[in-house]
2 protein chains.
Amino acid sequence: MATLGDVAARAGVSISAVSRVLSNHPSARVSEATRVRIVDAARDLQYRPNFAGRALKSARTQVIGLVVPDLTNALFTELMHGAEDEARACDYTVLLGRSDDVRPGGEVIERLIGEGRVDGMVVQVGDGVPPAGLGDLLASNAPIVLINSAYPGHVGSVALDDETGARLATQHLVDLGHRDIVLANGLPRSFTAKRRRVGYQRALTDAGIAVDRTRELRLGYTAANGRAALRRLLALEVRPSAVVVANVNAAVGLLAEARAHGIRVPDDLSVVCVHDSWTAENTWPPLTAVKMQFYAMGRTAVRGVIARIETGAMVDEVITDPAPELIVRESTAPYPS
Amino acid sequence: MATLGDVAARAGVSISAVSRVLSNHPSARVSEATRVRIVDAARDLQYRPNFAGRALKSARTQVIGLVVPDLTNALFTELMHGAEDEARACDYTVLLGRSDDVRPGGEVIERLIGEGRVDGMVVQVGDGVPPAGLGDLLASNAPIVLINSAYPGHVGSVALDDETGARLATQHLVDLGHRDIVLANGLPRSFTAKRRRVGYQRALTDAGIAVDRTRELRLGYTAANGRAALRRLLALEVRPSAVVVANVNAAVGLLAEARAHGIRVPDDLSVVCVHDSWTAENTWPPLTAVKMQFYAMGRTAVRGVIARIETGAMVDEVITDPAPELIVRESTAPYPS
DNA sequence: GTGAAAGCGCTAACAG
DNA sequence: CTGTTAGCGCTTTCAC
């Protein structure tokens, strides 16, 4: 690979002149002639600035780490796009990582920051035990923005409007005439589950329907959890006519399990879920879902980390604009009169 | 962050002594006493080697880039795990990237290598137009291993055994008594589609069934492509009794479209697909699928890049062990007699 | 056994 | 306008 020195030699100028020109330094008062010579030489040699050299000198990598529990979860498609778009706009790059990595020595987050591989991070901690050592890191005031998750005392987070999302989903069922609506939620300790629960209860209360704790299942966000939720539903004394599933992946599992048990959706059971993804349109029946604004969350989170890096500011935000959006498909139907 | 200098100062030794001890250099002939002092000091200061410093000096990053068309495709879960496990075993780290990035300036691969962010790459080029400039890169003999894809003349690739995969799927239908079996394949120019087609034809030929080109659809690997394939099926003069779908995502779409048209699976149509993922067990009916060995491919590909980096060797491999594995679920049934 | 010193590629302050 | 120079954190050769 060509270095600044190579370019300088070819253009017949000094290394610093090349550096100034190629990084459009504001103080690059350079004659047009040499500028052209330098640019030409760089092109001819296919010059690319060496990452390590630049990072070492400037103590900056222009890289933001994005760490989520499961990278291949289709839900994160938009999150990544949002993060990348914002990063690109600010001259940063996004580095992806997984946090489900609980193996010893797999303290990804600490390493990325500690070794100076990234300037800051956007992290979603899973619903299980938070990665050991994360507390120390956050306390150390590193440029970390949490998404869809929380850590006691940490400032610097961006969350989706889970409450509104769950409320819209529940409201939709209420509007269809349902009164006995079960919530198939995430694990009780989960940050998002708590918020979705509030939205669910609020919709019921607004409609004058009594909230009943026995109608709240708290199993988790995977397809297997959704299947388990359906079985719990079947075991109830009185079967609900509708269910709000707090996650689209769980809803996919719930739907499959319903077919297996001969429950017809939406005739016997209306199903609506929080989160949309390509899978939701390809179930049968296609799932009515509340689309959450992952793209905006990605952009906002990255913007937040960069602000923290460059100005020191740190805030907690909730994405309310655009608002969560109900997408009616065919898994919900009016309550049979 | 603490530097070597900080640790040296605290331990009362020279920087080079610290460097030798902390990187277990073979020539680290150090007295046990100083070794202990150094290790203690490093621990106290929470020393972490600076990535840029090390990379700059050694001209090595110990990072392998893994670039696939769509990171959130659930199919890639195992691929990433395989790549990461092998990388960890060889003291490397994996950096994830997307290649669907056709925006101008978005030549991810060239940048990662050219700027020295990675030592080598594992790349799957999509089925569309190969990224501009990839040819130059490959010609430049960079340490790049292609997976599930090909580039004219390039040596250095790892592929799944697509032919066997498609053959097993087709064979399964033949064994069930089906004779008129359609192949819903990827785009004709696609590397994998060609190979799967061969396997499909081979199974038919082996069973003494004539190959009929009009029974081969070539639409692509997305759910939408699968839906389109189903509609094509319906438009055929004579409806087949079974279909081999070359990709699980397409199969999910095909299944949903079938329900929408009142086609019963497997009664009216048996469906088997190539590739397995969590979605395949959560459709209705659950999809009979051929599990391909993504984990092994991930490991092998990373091993290949590292071998290339460290020894210069470069080969083309096909993952035949473990072999593709038929997983029978409920989307296939015997041909009605 | 241990330390001094050079240099990887780059930026920026300073000199001319 | 342009060149010289120091130094970021690290590894490694060489000298003691």
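On a predicted model such as this, the values are computed, not experimentally measured, just so you know. Here is the naming used below: chain letters follow the sequence lines, and residue numbers restart at 1 for every chain.
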TODO: Compare the minimum distances between each of dT11(C), dG9(C), dC1(D) and the side chain of Thr3(A), then state the nucleotide with the smallest one.
DONE: dG9(C)
Task: Atom-to-atom span, CG of Leu4(A) to P of dA6(D) - whole angstrom - done: 19 Å
Open item on the list: What is the separation between atom CD1 on Ile15(A) and atom C1' on dA6(D), rounded to the nearest whole Å?
Closed with: 13 Å
Task: Proximal nucleotide (of dT11(D), dG3(C), dG1(C)) relative to the Lys57(B) side chain - done: dT11(D)
Task: From dA4(C), dC10(D), dT2(D), nucleotide with atom closest to Thr34(A) side chain - done: dT2(D)
Task: Point-to-point distance, once rounded to the nearest 0.5 Å, from CD1 of Ile144(B) to CD1 of Ile113(B) - done: 4.5 Å
Open item on the list: Could you tell me how far apart Phe51(A) (CZ) and dC10(C) (P) are, to the nearest whole angstrom?
Closed with: 13 Å
Task: Candidate pair Asp119(B) and Thr61(B), rule side-chain hydrogen bond (donor to acceptor under 3.5 Å, both in side chains), full reasoning - done: CA-CA 6 Å; Asp119(B) 293 339; Thr61(B) 60; 2.9 Å; yes
Open item on the list: Minimum heavy-atom separation for Val21(B) and Val30(B), please, with both atom names.
Closed with: CG2-CG2, 3.9 Å
Task: Nearest-nucleotide pick for Asn50(B), side chain only, options being dG9(D), dT2(D), dT12(D) - done: dG9(D)
Open item on the list: Does the plane of the ring in Phe51(A) sit parallel, tilted or perpendicular to the ring in Phe51(B)? Use 30° and 60° as the thresholds.
Closed with: tilted
Task: dG3(C) base / Arg20(B) side chain donor-acceptor hit below 3.5 Å - done: yes
- [ ] Could you work out which one of dC10(D), dG3(C), dT4(D) sits closest to the side chain of Ala17(B)?
- [x] dG3(C)
Task: Gap between atoms CG and P, on Asp119(A) and dC8(D) respectively (whole Å) - done: 19 Å
- [ ] Could you state the atom-to-atom distance from CD1 of Ile38(A) to P of dC10(C) in whole Å?
- [x] 14 Å
Open item on the list: Using whole Å, what does the distance between atom C1' of nucleotide dG9(C) and atom CG of Leu45(A) come to?
Closed with: 15 Å
Open item on the list: Please report the distance, rounded to the nearest Å, between CZ in Arg54(B) and P in dT12(D).
Closed with: 9 Å
Open item on the list: For a quick check, tell me whether the side chain of Ser16(A) and the base of dT4(D) share a donor-acceptor pair closer than 3.5 Å.
Closed with: yes
TODO: Measure the shortest side-chain to side-chain distance between Thr93(B) and Arg111(A) over non-hydrogen atoms and say whether it is less than 4.5 angstrom.
DONE: yes
Open item on the list: Closest approach to the side chain of Leu56(A), judged atom by atom: which nucleotide of dT2(C), dT11(D), dG9(C) is it?
Closed with: dG9(C)
Open item on the list: Nearest whole Å is fine: how far is dT11(C) P from Gln62(A) CD?
Closed with: 11 Å
- [ ] For Ser19(A) and for Gly53(B), locate the closest nucleotide of DNA chain C by heavy-atom distance; then report the residue assigned to the nucleotide nearer the 5' terminus.
- [x] Gly53(B)
